[in-house]
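Since the structure comes first, as structure tokens, the remarks are kept for the end.
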Amino acid sequence: DAMVIQNPRYQVTQFGKPVTLSCSQTLNHNVMYWYQQKSSQAPKLLFHYYDKDFNNEADTPDNFQSRRPNTSFCFLDIRSPGLGDAAMYLCATSAPGRQETQYFGPGTRLLVL
Amino acid sequence: DAKTTQPPSMDCAEGRAANLPCNHSTISGNEYVYWYRQIHSQGPQYIIHGLKNNETNEMASLIITEDRKSSTLILPHATLRDTAVYYCIVSLLGSARQLTFGSGTQLTVLP
């Protein structure tokens with residue numbers, strides 16, 4: 001089945017140690033999104049790619065970066081994780097013109113020690 | 001994007017219809033109403049969306065008032081697996097539109 005895959009499901013890192021979260025999709029969608037969801041809060045968009053065009057949300061900290069080497073893969077890099085960056089990170093995809101629904105992966109829960 | 005207001009929590013008996021309300025009084029004419037849900041520890045899942053006509057699919061029905069200032073998501077026969085946070089989102093239909101999630105409604109289906 002076509003899907004959005006996030007690995008790992010759980011990631012532990014140390015305070016200040018760079019970490020990369022991965023997302024891949026078999027849907028061949030143009031758009032890929034990264035959301036941050038802290039405990040008991042709603043998902044919050046960090047940035048998205050429309051093909052190779054990167055779109056950053058205005059309030060996304062500089063500590064968060066992203067790469068999209070090809071259509072299928074997108075990475076979230078946290079350069080110096082702080083305790084406040086512990087959260088669930090959700091990847092989603094969409095195909096403009098096809099109902100605009102977003103398809104979410106299961107998320108990666110990041111723990112910062 | 002227009003802001004939405006939802007009750008923070010609702011209960012529903014298993015097998016009964018669950019009716020989840022949403023207010024979006026500042027919705028503009030070209031904004032759609034989307035519903036997503038998030039089961040605990042999973043990613044959000046698309047349910048349904050509509051512009052002004054009522055919509056139905058295999059998961060749910062969406063009733064939008066004539067003035068479009070509010071809507072109701074209906075799960076016709078709720079099951080325990082429908083326990084989740086339900087998000088009502090108003091957004092333009094266009095290329096790469098982001099979703100702005102509000103606080104949602106925690107629906108608990110009781111046995």
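This structure is a prediction, so every number in the text was calculated from the model and none was measured. Both backbone and side-chain heavy atoms feed into the values below; hydrogens, waters and symmetry mates do not. Each chain gets a letter, A, B and so on, in the order its sequence line appears, and its residues count up from 1.
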Legend entry - Leading residue by heavy atom contact count with chain A [cutoff under 4.5 Å; candidates Pro44(B), Gly102(B), Gly43(B)]: Pro44(B)

Inset, instruction - Answer yes if the side chains of Ser25(B) and Asn23(B) hold a donor-acceptor pair under 3.5 Å, and no otherwise. - result: no

Legend entry - Cation-pi geometry met for Arg37(B) and Tyr86(B) (6.0 Å, 45°): no

Inset, instruction - Against chain A, label Gln106(B) side chain, backbone, both or neither, depending on which of its atoms sit under 4.5 Å from a heavy atom there. - result: neither

Inset, instruction - Below 4.5 Å from any heavy atom of chain B, which atoms of Gln6(A) appear? Answer side chain, backbone, both or neither. - result: neither

Legend entry - Heavy-atom donor-acceptor pair, Arg68(B) side chain to Glu31(B) backbone, under 3.5 Å: yes

Inset, instruction - Answer with side chain, backbone, both or neither: which region of Pro43(A) has an atom nearer than 4.5 Å to a non-hydrogen atom of chain B? - result: both

Legend entry - Test salt bridge (Lys or Arg N to Asp or Glu O under 4.0 Å) applied to Arg79(A) and Asp62(A), step by step: CA-CA 9 Å; Arg79(A) 292 193 295 187; Asp62(A) 292 340; 5.6 Å; no

